[in-house]
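Before any comments, here is the structure.
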Amino acid sequence: MTEGFYKQDDSGEWYFAPNGVYSPTYSLTKENKDSLQLPIDGWDWYNEAPEAYLIWTQRPIE
Amino acid sequence: MNNRYIKAQAPATSVEWVRNPDWLPLPTFAPSDNRIAVLIAVVEGVLNYTTIAGGAGAAASTVYWGDGTSTLTNGTYQTKEYIYSAITGTVSVDEFGRNYKQVIMDIIIPASSTLVRLERTGTGIYRNKPSHYLDFKCQSNTLNTLDLFFDRNAPYLEKLDVSGCTVSGVYGLTNITKSRYIRSLAFNKNITSSLASFCAYQQMIEDFGDFTTSSSNISGFFNSSNIKTVGNITANSTLDLGSLFFSSDVRQVGNISAPSCTQAYRLFRDAVNLTKIGTLNLPLVTTLQEAFYNTNIEEIVFTSSCALITNVTSAFVTYNLKRLVTPNLTRGVSIPYANMTAAALNEFFTSLGTATGAQTITITGNPGSLTCNTSIATAKGFTVVT
């Protein structure tokens, strides 16, 4: 299962939250996602991992 | 040449190296001596040599080769070839079944000399051929450069003792590291110059005991070595702990105190058998990038403030982590699929400082990730990803 919240920051790094994202100003959970106006702060919901994220996870780590 | 491992600078509580009883004893040094003594095997049927370079003129060392001949160093490389048939003394048999005799090379170093090299690369037929050093001792309070180019040419060396070389008296001890048979190692804790990579790639030393050093740089000291345990590390003057245990076989390390250290890049990276370390006192460190990456470490507890750390990229990506305490850390970290309970995560959040700008903490896949109190971290400005 790869559904969840995904975000790519300005440096190109990806974040994946299968359950939720908790910040000082908002909370995103898979339970409340349908009531949210996404994207919020770069976070968006995907039913499957986006291809760009998959590509990023395959990058070589030195 | 026996094959038992030893502890370096440790009490006799475990198997210790035993000097071969067939070996000639090295001379006893007087406290005022500036001197090197080396036991050398002269093996029948093979090339036997040593190459040395020392000062010239008033800085010349007197080299007694051990076969009745001697020379003065002259600022160039000088190679001595030993002829087995010309050596007097008892014939012994090594573990390879070879007959050998023994000489002791004795080097008297004048106070004005600042450089002695035992050079791995002789010239011509001597180039890159192994010499047969067995036991090496140096004592000096004047030398500032002692280059031991043993990385491939002293494969039979079992003991290295430079404990008699005092503050700044030894320098450039970087090429000893591949003498894989070394089993007994002693150096002076007051050495201030670099010991970078000194024990890298060592295969025989497994238990190091406590490690106290004044060296400014111990980066890579145990890199890729077969070390298993190290006691407490006290490195008050060390600025660089980078790759200290990188890709080593270390299992357990005591407390680490390096109050002057500014960088610990890859400190334990790829030490896959590491499970336990003591506390960490690194108040000035700024980078922990990959410091604990790909280890099996259970607890990472800083007793010092982590407020100066700006780089924690992949620092804590280790899947057995049960406890993480980073006082005043202001940067987000990723600890996915570790082994942290809700209580452990709450403890970690509590230890944090205030986030510097937008900082994200990823705790996905931990046992406590869905039940911990994320508000402890969000109240400090962090975003928590579960």
Side-chain angles (χ1 to χ4, degrees), chain A, chain B residues 242-243 246-247 265-266 269-270 289-294 310-315 317-318 330-337 342 345-346 348-349 352-386:
Chain A
M1 296 288 285
T2 61
E3 64 175 19
F5 296 98
Y6 290 82
K7 171 182 177 178
Q8 185 178 33
D9 69 12
D10 293 339
S11 70
E13 183 169 358
W14 278 90
Y15 296 89
F16 167 49
N19 296 292
V21 181
Y22 303 87
S23 91
T25 56
Y26 60 82
S27 292
L28 315 177
T29 68
K30 57 183 178 182
E31 289 78 20
N32 72 2
K33 65 176 176 59
D34 293 330
S35 64
L36 300 171
Q37 287 191 313
L38 298 172
I40 293 176
D41 192 25
W43 291 98
D44 210 343
W45 177 267
Y46 292 83
N47 292 323
E48 291 182 353
E51 184 175 355
Y53 170 82
L54 294 175
I55 292 171
W56 178 81
T57 60
Q58 297 302 313
R59 75 201 186 285
I61 297 177
E62 297 180 3
Chain B
S243 298
F246 176 73
S247 199
Y265 173 64
R266 292 185 174 178
R269 175 177 166 149
D270 292 337
Q289 182 174 343
E290 299 169 29
F292 304 94
Y293 182 89
N294 195 28
T310 58
N311 188 339
V312 287
T313 302
S314 300
V317 180
T318 176
T330 66
R331 308 292 163 144
V333 302
S334 181
I335 45 176
Y337 302 99
L345 288 168
N346 292 343
F348 165 57
F349 296 152
L352 293 168
T354 300
T356 300
Q359 299 292 333
T360 302
I361 298 171
T362 300
I363 59 170
T364 307
N366 281 271
S369 63
L370 299 183
T371 53
C372 65
N373 187 352
T374 58
S375 67
I376 299 174
T378 59
K380 299 179 182 183
F382 291 90
T383 295
V384 181
V385 171
T386 67

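Note that the structure is predicted; figures quoted are calculated from it, not measured. In the text below, chain A, chain B and the rest are named by the order of the sequence lines, each starting its count at 1.
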remark   = By residue number, those in residues 10-17 of chain A with heavy atoms under 4.5 Å from heavy atoms of chain B are Tyr15(A), Phe16(A), Ala17(A)
message = Report, in residue-number order, which members of residues 38-57 of chain A are under 4.5 Å from chain B by heavy-atom distance.
response = Trp43(A)
message = Test of understanding: with side chain to side chain donor-acceptor pair (under 3.5 Å), list the residues that count as partners of Asn311(B), not counting sequence neighbours.
response = Gln289(B), Thr313(B)
query = Do you know which of Val385(B), Thr386(B), Thr383(B) makes side-chain contact (heavy atoms from CB on, under 4.5 Å) with Tyr22(A)?
reply =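 Filter result, single survivor: Thr386(B).
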task = Sort by residue number and list every member of residues 359-366 of chain B having a non-hydrogen atom under 4.5 Å from chain A.
result = Thr360(B), Thr362(B), Thr364(B)
